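The structure appears below as structure tokens.
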There are 2 protein chains.
Amino acid sequence: MAQYSAQLDGVFVALADPTRRWVIRRLGHGPTSVGDLAREFPMTLPSFMKHVQTLESNGLIHTTKSGRVRTCVLNRERLAVVDDWLAEQRRIWEERTDRLERLVTDEQENQQ
Amino acid sequence: MAQYSAQLDGVFVALADPTRRWVIRRLGHGPTSVGDLAREFPMTLPSFMKHVQTLESNGLIHTTKSGRVRTCVLNRERLAVVDDWLAEQRRIWEERTDRLERLVTDEQENQQ
DNA sequence: GGAACACTTAGCCTTATGGCACAGTATTCG
DNA sequence: CGAATACTGTGCCATAAGGCTAAGTGTTCC
């Protein structure tokens, strides 16, 4: 659970920044070099690189360097942890809803 | 888009903290008072209140005060923005996959 | 009324975050 | 070889985040 939570934490922290979400969106269209990505954002390259590093260290993207160009690729699978978390939430809600429904049913039976 | 992004930003920022995610999970089981929630976390009440406020200001929970007790309720609908964002990502990926498939198909046709 | 309770407000502190400029390294091109 | 390119590394800065203590405020209970 602690480990799971740590993974989740990194992914959510990575997604908390609009620049980084935009990079993920952008990479959804296909692999792109750091330079090409950076040109779309109003910030310097070193600043942008920090975001790239955050995304990579949290497993949301993968990068490779060929010559002097570093190319970023989206790691789609990683976003599954968000899906899983949402699914778990829903499971909890539904359990509760079921309990409440049973409660109502039991009360009705008691009234008969 | 800017407005949408701002909403999204708040929700992801709120979810980036493990304490806050835990509160959401906890509230999935039903409404709970601030005090009852706080007792489950290794931090002081004022510190914990900040998290409650963050969650409320970003629309993830709703609170009401009755007497001296403030009760927190989960706002399930709010998490839909995360769902929507994930769905949009998938849409982008699928568009790309479709394009790649067409490309392969066209090449095969050209070879004939 | 007074004590206990459940927050709430205020102010402080430390660390993390996100930005910058500037200098350096490694490739590529003419 | 030398210039341009594409990062990369370093160090600095301002603000925000997340924690604390201490001192309120308003309710409830005896």
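Keep in mind that this is a model prediction, so the values were computed, not measured. Residue numbering restarts at 1 for every chain, and letters A, B, ... go by the order of the sequence lines.
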Looking at [options], which one has an atom nearest to any side-chain atom of [X]?
{"X": "A:Ser33", "options": "C:dG18, D:dC7, D:dT21", "value": "D:dC7"}
{"X": "B:Met43", "options": "D:dT10, D:dC20, C:dG18", "value": "D:dC20"}
{"X": "A:Lys65", "options": "C:dA4, D:dC20, D:dT8", "value": "D:dT8"}
{"X": "A:Val69", "options": "D:dA6, D:dC20, C:dG19", "value": "D:dA6"}
{"X": "B:Arg20", "options": "D:dG18, C:dC20, C:dG18", "value": "D:dG18"}
{"X": "A:Lys50", "options": "D:dC7, D:dC20, C:dC20", "value": "C:dC20"}

Spacing of [X] atom [atom1] relative to [N] atom [atom2], expressed in whole Å:
{"X": "B:Leu45", "N": "C:dC5", "atom1": "CG", "atom2": "P", "result": "14 Å"}
{"X": "B:His51", "N": "D:dG18", "atom1": "NE2", "atom2": "P", "result": "6 Å"}
{"X": "A:Asp9", "N": "C:dT17", "atom1": "CG", "atom2": "P", "result": "10 Å"}
{"X": "B:Phe48", "N": "C:dT8", "atom1": "CZ", "atom2": "P", "result": "12 Å"}
{"X": "A:Gln53", "N": "C:dA16", "atom1": "CD", "atom2": "C1'", "result": "16 Å"}
{"X": "A:Phe12", "N": "D:dA17", "atom1": "CZ", "atom2": "P", "result": "18 Å"}
{"X": "B:Phe41", "N": "D:dC20", "atom1": "CZ", "atom2": "C1'", "result": "18 Å"}

>> Using side-chain heavy atoms (C-beta onward) and a distance below 4.5 Å, is A:Cys72 in contact with A:Thr63?
In response: yes

> So which heavy atom on B:Leu86 is nearest to which on A:Leu79, and how close?
Replying inline: CD2-CB, 4.2 Å

>> Hydrophobic clusters here meaning ILVMFWY residues chained together by side-chain heavy-atom distances under 4.5 Å, can you tell me if A:Leu55 and B:Val13 are in one?
In response: no

> In terms of the nearest nucleotide of DNA chain D, which residue is placed more toward the 5' end: A:Met49 or A:Arg68?
Replying inline: A:Arg68

> Taking for each residue the nucleotide of DNA chain C with the nearest heavy atom, is it A:Gly67 or B:Thr71 whose nucleotide lies nearer the 5' end?
Replying inline: B:Thr71

>> Closest-nucleotide mapping onto DNA chain C: is A:Pro46 or A:Val13 further toward the 5' terminus? I mean the 5' end.
In response: A:Val13

> Taking B:Val81 as the fixed residue, which of B:Val11, B:Asp9, B:Asn58, B:Leu60 is the one that meets the side-chain contact (heavy atoms from CB on, under 4.5 Å) rule?
Replying inline: B:Val11

>> If you go through the side-chain atoms of B:Arg70, does one of them form a donor-acceptor pair with the base of C:dC7 closer than 3.5 Å?
In response: no

> Is A:Asp83 salt-bridged to B:Arg90, going by a charged N under 4.0 Å from an acidic O?
Replying inline: yes

>> At less than 4.0 Å, is any side-chain N or O atom of A:Ser47 found next to OP1 or OP2 of C:dC20? Yes or no.
In response: yes

> B:Thr44 side chain N/O closer than 4.0 Å to the phosphate oxygens (OP1, OP2) of D:dC20?
Replying inline: yes

